[in-house]
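When reading the values below, keep in mind they use all heavy atoms of this one structure, side chains included, and skip hydrogens, waters and symmetry mates. Quick note on labels: first sequence line is chain A, next is B, and so on, each numbered from 1. All values reported here derive from a predicted model rather than from experimental measurement.
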Protein chains: 2
Amino acid sequence: MDIGTAPQPWLSDAPWAALEAKFSRYLALSDAERDCLASWQAPARVMPRRRDLVREGNDVACVYLLCRGIVSRYRVLPDGRRQILGFGLPGDVIGFPSCSLARAAASVCCITESEVAAIPLEQFASTLTRFPRIAAALFWIAARETALAQERLVTLGRRGAEERVAYFFLELCALLHKGRPRDGERIAFPLTQEIIADTLGLSTPHANRTLRRLRDQRLLALDGQEAILLDARGLIALASFDPAHFAAMPIPGL
Amino acid sequence: MDIGTAPQPWLSDAPWAALEAKFSRYLALSDAERDCLASWQAPARVMPRRRDLVREGNDVACVYLLCRGIVSRYRVLPDGRRQILGFGLPGDVIGFPSCSLARAAASVCCITESEVAAIPLEQFASTLTRFPRIAAALFWIAARETALAQERLVTLGRRGAEERVAYFFLELCALLHKGRPRDGERIAFPLTQEIIADTLGLSTPHANRTLRRLRDQRLLALDGQEAILLDARGLIALASFDPAHFAAMPIPGL
DNA sequence: CGTAGTCTTGATTTCCGTCAATCGGGGTGG
DNA sequence: CCACCCCGATTGACGGAAATCAAGACTACG
């Protein structure tokens, strides 16, 4: 089954590249801008799996740059029900734009062991004023994130379980490879079924059964730490997935 | 029953005040800034009920300032299922930040007759560069909107029907009055049950039944064009509603 | 070899959607 | 002025989807 050939961005050997790569998709960085981004990554800490990086309700003093690993943003209701709001991948700035709130609206938890650099809010803010192009790019990225959240609203509100799961893998694939999913696409997949369930608003057993149904239909396969989109076309049709919603736009003013 | 005493911001006689009021909550406007905002509102058009202001997939050429009325942003799946993503009230800039995408990701529809002013994208962009404080305020407002969308994700993913409906009215109340809901609070309510259902991911009959159950529990009453929160405390407990998530933060740099 | 976490499966119950019919008010045209 | 009609609210019967509860299997790892 050719284990280990899937790209695993969250286990990258060159974590510092992720941030630059993300910005380079939007603009050509000047040397000063590059230096500034590099300075963010200096004091990276290693966080173990399952450790919370941010706890809901706490004061916001930093944003975090994720250098390696994968994290989830989530909220829990008083009785313990949990809803995952989204994921952070290497190069993502965690806590933006929610740093515009005094207290964290959601918690952030490390799904895999992760490497994060804390950026004090003052340093972050001063970067935004000194480098307006970086501010613009961050805003652009945040706007895209908002669009993704809206698509997830459609998923939770109006799609059934099979559609949700299909959509979930297609979204993940689009986020990782930045392209339209193709048949046989393999994606690294370090997420438990409980995480899938809490992302999609399902119970863990039902998420499991739904995965099985997709496997029986030869749409999707799971193999250890990776997922395979056996029939991308079928998944797209099943989920009413529209790749256009994931296209990243260039920033007009460059 | 004292009809007509509820505030109806979307029927305001002084629509131009809404935009200023919204900004004034974040910063003290200079004369130049005030003039700029005023210039946005010049060529307002009247749109009838049910008319689409923006259609999903169309090119984005304008943002719209909503002067009077109430609009919904929504997406529909190929088979007709509809999910409402959020509402626009007077003073809201419709199509921001989604104007950062080439094509509209969602449609916008007038729920009541509305008055809107189209702002060409170039004019809007030039305003943002000439008046950075206005840009900052808009960004702040957008960030708050994102926080609301995340709370709705929790609602759709993890709350049951009664909790969703209770949450819906509490959110609406918080948005309109900008304060913690109180017992007996009356809010103007021009929304049909179909709109409630499509917002909350429920079927119309089930939304109706759920409303009835809340009425039977003396938590909530509907009376023509207004809703009454009979037992705000009960609704808050039922929905696990946290008013802190609706608090607007002042902008740090003023 | 034992333990903890995850995956898997079954039986049962609950919630919610679907379909269909009725009701009621406000507008409209004859 | 009145009959009609459309839209929205309402209710009931029924079926299906998903949650819950519970138990067991597999795997990685100490």
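- At whole-Å resolution of the value, CZ in R209(B) and P in dC19(C) are 14 Å apart.
- You'll find that the side chain of A161(B) is closest to dC16(C), out of dC16(C), dT8(C), dC19(C).
- We find that CG of D223(A) is positioned 17 Å from P of dC26(D), with the value rounded to whole Å.
- Distance from the side chain of R49(B) is smallest to dG8(D) among dT18(C), dA19(D), dG8(D).
- Taking atom CD of residue E162(A) and atom P of nucleotide dG16(D), one finds them 16 Å apart after rounding to whole Å.
- Within 6.0 Å of the CZ atom in R213(B), the count of heavy atoms belonging to other residues, nucleotides or ligands exceeds 12.
- For dT10(D), one of the phosphate oxygens OP1 or OP2 lies less than 4.0 angstrom from a side-chain nitrogen or oxygen of R215(B).
- If you measure from atom CD of E194(A) to atom C1' of dG5(C), you get 10 Å, rounded to the nearest angstrom.
- For E163(A) and dG16(D), the CD to C1' distance is 15 Å, given to the nearest whole Å.
- As judged by a 4.0 angstrom heavy-atom cut-off over every strand, L211(B) is placed among residues making no nucleic acid contact.
- Within the 4.0 angstrom heavy-atom criterion, no nucleotide atom of any strand lies near R159(B).
- Residue G224(B) is out of contact with every strand shown, counting any heavy-atom pair closer than 4.0 Å.
- The interatomic distance linking R212(A) (CZ) with dC26(D) (P) rounds to 13 Å, in whole Å.
- A distance-only check finds no donor-acceptor pair linking the side chain of N208(A) to the backbone of T210(A) [under 3.5 Å].
- The nearest whole Å value for the distance from the CD atom in Q83(B) to the P atom in dG17(C) is 12 Å.
- Between N208(A) and dC7(C) there is no side-chain N or O to OP1 or OP2 distance below 4.0 Å.
- The residue among R158(A) and T192(A) whose nearest nucleotide of DNA chain C lies closer to the 5′ end is T192(A).
- The H206(B) side chain lies nearest to dG17(C) when the options are dG17(C), dT6(C), dA18(D).
- Taking atom CG on L191(B) and atom C1' on dC7(D), their separation rounds to 16 Å, with Å as the unit.
- Although no hydrogens or angles enter the test, the distance criterion places no donor-acceptor pair under 3.5 Å between the side chain of D198(A) and the main chain of I195(A).
- No more than 12 heavy atoms of other residues, nucleotides or ligands shown are found within 6.0 angstrom of CZ on R180(B).
- Between R50(B) and dG8(D) there is a side-chain N or O to OP1 or OP2 distance below 4.0 Å.
- Pairing each heavy atom of A106(A) with each of V54(A), the nearest pair is O-CG1, 3.8 Å.
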